[in-house]
Every structure is written in C-alpha cells, then in structure tokens.
Amino acid sequence: MNNFIFKYPVRQYFGKGCTESALKEEMKQAGRNVLLAYGGGSLKRTGLYDKFAGWLHECGKNVIDFGGIMPNSTYAKVQEGAQLVRECGIDFILAVGGGSVIDCCKVVSAQAGLDEDIWEMQYTKHRFPTKFVPMGAVVTASGTGAEQNNGAVITHTEKKLKQPLVGAYHNFAILDSDLTKTLPMAQVVSGAFDTLSHCMETYMGKPQSDNLSDELNETVMRNVIRNLRVLIADPGNDFARGELMWDSALAENSLLKLGKQTDFQCHMLEHAVGAYTDCNHGRALAVIHPTLYRHLLGEGKAKLARMAERVWGVKGDTPEQTAVRGIDALEDFIKEIGLPTRWSELGITDENVLRAAADSCLLMPGCCKQFSRDELFEILKERL
Ligand code: NZQ
Ligand code: ZN
C-alpha cells in the first residue's frame with residue numbers, strides 16, 4: 001500500500017428508526033437558526049417534512065426552509081442557498097435527502113462565508129475553502145455516500161459542466177433505512193449500482209497489486225450484489241435495506257481508498273454526459289461501465305480478472321478470458337436488475353452530445369490507462 005494519513009470527522013448514526021433521537025442529540029450542539037434543506041417534493045409528500053420541522057421546533061430552533069433542490073443540483077441553487085444562509089443568519093444546515101441535496105448543502109456551507117465565486121476560486125485560482133457553516137446530513141436515498149465526504153458534484157448549467165467541488169464535511173450523518181422506504185425501486189437500484197460503481201472505481205485504481213483496502217472492497221461489492229437482489233425480491237426487507245446503506249457509506253468514507261489512488265474515469269464520463277443531459281447518475285454509470293472495462297482489457301486485465309473471480313465467481317482458461325467473463329457478469333447483472341445498457345433508454349440519441357461530453361470530461365490520473373478523448377468518445381458511442 002502507499003503511505004497514508006487517515007482522519008475522519010463525521011459522526012455516524014446508523015439504524016432503523018434512529019432519526020429522531022440522533023437528531024435531537026445533535027441539535028443540542030447546534031445554533032438556533034437552522035436551514036432545513038430538501039429536494040423537489042418527496043419530503044413533504046411522505047410526511048417527513050412535518051416530522052423534521054416538529055423535531056427542530058421541539059429543540060427550540062427557528063426553522064428556515066430551503067426546498068426545491070433538484071436532482072443533479074445546480075450551481076445557481078448553491079448560490080440561492082448561500083444567499084439565504086447570509087440573509088437569515090443561519091447557524092446550522094440540515095440536509096435531508098439524497099446525494100443532490102447533500103452535495104448542494106456542502107457547497108452552500110462553504111460559499112456562504114466567501115466573498116468570491118467558489119467555482120472560480122477552485123478551478124481558476126486552485127484555492128479551496130477552509131471555513132464552513134456547520135451542517136449535518138440525513139439520508140433519504142442511499143447510494144452516493146455523499147454524506148460521508150466533503151466532495152460535492154455540482155452542475156454548472158451555463159458552463160455545461162458537472163464537476164466536483166470541495167465543500168464541507170458534515171458534523172454527523174444519519175443512516176436510517178426507514179427513511180428510504182418511500183424511494184421508488186428504480187432509484188433504489190440506481191443508488192445501489194452507484195455504490196457498486198464507487199467500489200469498482202476504487203478497486204481499479206493504482207496500484208493494482210493486492211492490498212487490504214481491495215480485499216475489504218471485494219467484501220463490500222459482494223454484499224451490495226447480494227443485498228440488492230434480496231431487496232428487489234422483497235422490498236420490505238429492512239435488513240437488506242440497511243446493509244445497502246452501510247455499503248454506500250463504506251464505499252465513500254475513505255476506508256476502501258486508503259493506500260491507493262482511485263480511478264473514477266467512468267464517473268467523470270458520466271458527469272460530463274450529465275452536464276449536457278441531466279441524466280440519472282446510477283443509470284448512466286450502468287451504460288458506461290462494461291464498455292469502459294472492455295477498453296481496459298490491456299492495462300487492467302489482471303485486476304479485472306481478480307474482480308471476476310472474487311466478486312462475480314467466474315473464471316476462464318486465461319487471465320484475459322477470466323477478465324472478459326467478469327465484465328460479461330457485470331453486464332448480465334445490470335440487465336438482471338433492470339438498469340439500462342444503451343443511451344436511448346435514457347432518452348439520449350444525439351452523437352454530438354456524447355462528443356461534447358468526451359471533449360469536456362476530466363481525465364483521471366488514477367485510471368490504469370490514460371484515454372485519449374477520441375477513445376472516450378468511442379466508449380460512449382458504442383452504446384448509442
Ligand atoms: O427531489 P425529491 O422530490 O426529494 O425526490 C428525490 C429525487 O427525485 C427522490 N427521493 C429522495 N429521497 C426520497 C425520494 N423519493 C421518495 N422517497 C424518498 N425517501 O430521489 C430522486 C433522486 O435524488 P438524488 O438526490 O438526485 O439521487 P442520488 O442520491 O442518486 O444523488 C445523485 C447526485 O449525487 C451526485 C450525483 O452526481 C448526483 O448529482 N454524487 C455525489 C457523490 C458524492 N458527493 O460523493 C458521489 C456520487 O458519485 C455522485 O456523483
Ligand atoms: Zn457515483
């Protein structure tokens with residue numbers, strides 16, 4: 001393994017039905033004015049909004065609403081939130097939602113204390129925020145692991161970019177499987193595949209030699225695959241729902257990434273397509289992954305073969321054949337769980353969009369192959 005320093009700031013509350021007590025415990029340390037941040041409508045529809053507002057009032061807080069955070073949250077929405085934080089003297093941000101709400105709030109927390117535009121600051125001046133409005137996350141859609149880290153993925157609509165920004169770590173994360181029960185199964189599957197993707201992107205990074213992080217990772221990948229199958233067959237299975245939530249957390253809380261560089265080239269391609277199409281994150285990853293891995297059969301053969309044997313339980317006569325069987329198993333799984341394998345299933349039919357995505361996509365140094373933009377375009381185009 002490479003050398004590393006491991007420091008982790010997020011308190012975790014895990015468990016079915018833990019939300020009320022966890023929130024009330026955490027609110028003892030929070031200031032009076034709380035920004036309650038949520039998405040486009042599910043929180044009110046499911047009755048959760050009233051519960052959260054009620055619990056916050058019981059804790060003596062003033063509740064200020066920041067709703068309407070859209071999937072693939074935008075930079076404009078970040079600015080709206082930052083303005084609200086300044087105007088209302090917000091002491092604490094409570095993000096209740098999936099990755100989009102949580103990511104938006106991480107950057108709101110940083111932007112609120114800055115006089116400059118945080119996008120320009122990070123991408124032009126290469127400086128990163130150091131002061132944040134304190135915040136906490138309650139997960140209602142698991143998969144991204146966004147509550148675990150300080151990286152946010154934000155869509156800058158005008159620039160046609162969907163890219164990472166460094167934001168705040170949450171003081172705490174609440175992982176209560178009960179809150180995810182109203183999530184449509186298609187989004188449960190998309191989220192769980194995102195977790196599997198995070199594991200694969202970490203596993204395939206450099207160095208590709210065996211290490212403890214990768215062995216832990218294999219366990220998490222097998223756990224995602226098993227529990228997603230269980231949950232699809234039995235949506236009432238709280239145990240499987242909880243396991244998937246913790247898988248999602250483990251994939252993004254740094255543990256599996258220790259001592260290695262991650263890959264995440266597939267993610268950067270998805271983000272680039274997302275900037276042009278606003279597509280669903282997990283579903284688009286499913287379209288890209290198998291094709292991208294077939295393009296890694298040279299440089300990544302040994303690691304793909306190891307994943308084939310240890311995660312998918314398949315083997316061929318040669319390492320190459322084993323690697324190919326593993327990618328086939330991944331694609332079969334994608335079909336089995338009802339995820340798309342072609343862009344048209346996401347309503348994307350324009351080759352020019354894929355060309356623009358390949359041309360604007362971030363190139364990742366941790367990927368075992370340094371792709372040209374033309375090859376990235378080929379990868380995307382193969383699924384038109
Ligand atoms: O907006 P509402 O009405 O709340 O509906 C949401 C949304 O439409 C709905 N939903 C959430 N919880 C629900 C619910 N519906 C019913 N019941 C509930 N309990 O689910 C839909 C999707 O929500 P969203 O937050 O967009 O999904 P997800 O959690 O997959 O987040 C996706 C975003 O996270 C970014 C993605 O790029 C994308 O922008 N990611 C963030 C990462 C990170 N920070 O570490 C890593 C990931 O790789 C990813 O890039
Ligand atoms: Zn992801």
Side-chain angles (χ1 to χ4, degrees), residues 10 19 37-49 51-52 66-75 77-78 95-107 137-156 161-170 173 175-202 224 235 241 244-245 248-249 251-254 257 262-275 277-286 288-289 362:
V10 187
T19 306
Y38 54 95
S42 74
L43 205 72
K44 289 202 168 160
R45 247 188 350 263
T46 57
L48 272 182
Y49 175 89
K51 284 190 181 164
F52 275 95
F66 178 40
I69 302 175
M70 62 295 282
N72 303 321
S73 37
T74 63
Y75 195 57
K77 197 69 187 175
V78 166
V96 186
S100 300
V101 171
I102 294 171
D103 276 3
C104 181
C105 288
K106 287 178 194 171
V107 189
V138 184
V139 180
T140 66
S142 90
T144 65
E147 75 284 359
Q148 301 293 322
N149 56 47
N150 65 342
V153 184
I154 299 295
T155 300
H156 199 307
L161 293 172
K162 180 181 179 187
Q163 286 186 184
L165 284 174
V166 173
Y169 271 106
H170 293 79
L175 298 153
D176 175 352
S177 58
D178 275 353
L179 304 194
T180 69
K181 283 184 169 169
T182 50
L183 194 63
M185 187 49 82
Q187 186 58 36
V188 171
V189 171
S190 164
F193 188 78
D194 188 21
T195 300
L196 184 63
S197 170
H198 295 163
C199 291
M200 294 191 291
E201 299 262 38
T202 302
V224 173
R241 206 173 268 282
L244 287 171
M245 264 191 129
S248 161
E252 278 302 310
N253 72 356
S254 303
K257 302 180 183 180
T262 59
D263 174 339
F264 278 82
Q265 190 61 66
C266 185
H267 261 68
M268 293 309 129
L269 261 184
E270 189 288 323
H271 291 162
V273 175
T277 64
D278 199 26
C279 59
N280 177 277
H281 179 60
R283 290 170 66 76
L285 287 171
I288 304 168
H289 256 297
L362 293 177

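Atoms within a ligand are numbered from 1 in the order they appear, just like the ligands themselves.
The N, O or S atom of His267 lying closest to the Zn ion (ligand 2) is NE2. No other N/O/S atom of Asp194 lies as close to the Zn ion (ligand 2) as OD1 does.
For Thr180, the side chain to side chain donor-acceptor pair (under 3.5 Å) test picks out Arg241, with sequence neighbours left out.
Listed for the Thr195 side chain is a donor-acceptor partner under 3.5 Å among the backbone atoms of Gly143. Side chain of Lys257 to backbone of Thr262: no donor-acceptor contact under 3.5 angstrom is found.
At least one N or O atom of Gly41, backbone or side chain, sits closer than 3.5 Å to an N or O atom of ligand 1. Looking at ligand 1, you won't find any N or O of Gly145 less than 3.5 Å from one of its N or O atoms.
Per-residue contacts place Asn149 under 4.0 angstrom from the following atoms of ligand 1 (heavy atoms of the residue considered): 44 (N), 45 (O). Each of the following atoms of ligand 1 lies closer than 4.0 Å to a heavy atom of Lys106: 44 (N). Counting the atoms of ligand 1 from 1 in the order shown, those under 4.0 Å from a heavy atom of His267 are 48 (O). Close contacts between ligand 1 and Gly40 involve ligand atoms 1 (O), 2 (P), 3 (O), 4 (O) [criterion: under 4.0 Å to a heavy atom]. Less than 4.0 angstrom separates some heavy atom of Ala141 from each of these atoms of ligand 1: 11 (C), 12 (N), 29 (O). Under a 4.0 Å criterion applied to the non-hydrogen atoms of Gly98, ligand 1 contributes the atoms 25 (O), 29 (O). Set against the non-hydrogen atoms of Leu179, the atoms of ligand 1 under 4.0 Å away are 19 (N). Atoms of ligand 1 found under 4.0 Å from any heavy atom of Gly39 (numbered from 1 in listed order, with element): 1 (O), 4 (O).
Using cut-offs of 30° and 60° for the angle between ring planes, the His198 and His281 rings count as tilted.
In this structure, the side chains of Ile69 and Tyr38 stay at 4.5 Å or more apart for every pair of heavy atoms.
When the heavy atoms of Asn150, Asp103, Val96 are ranked by distance to atom 41 (C) of ligand 1, first place goes to Asp103.
Other residues, nucleotides and ligands contribute only 12 or fewer heavy atoms inside 6.0 Å of the NZ atom of Lys51.
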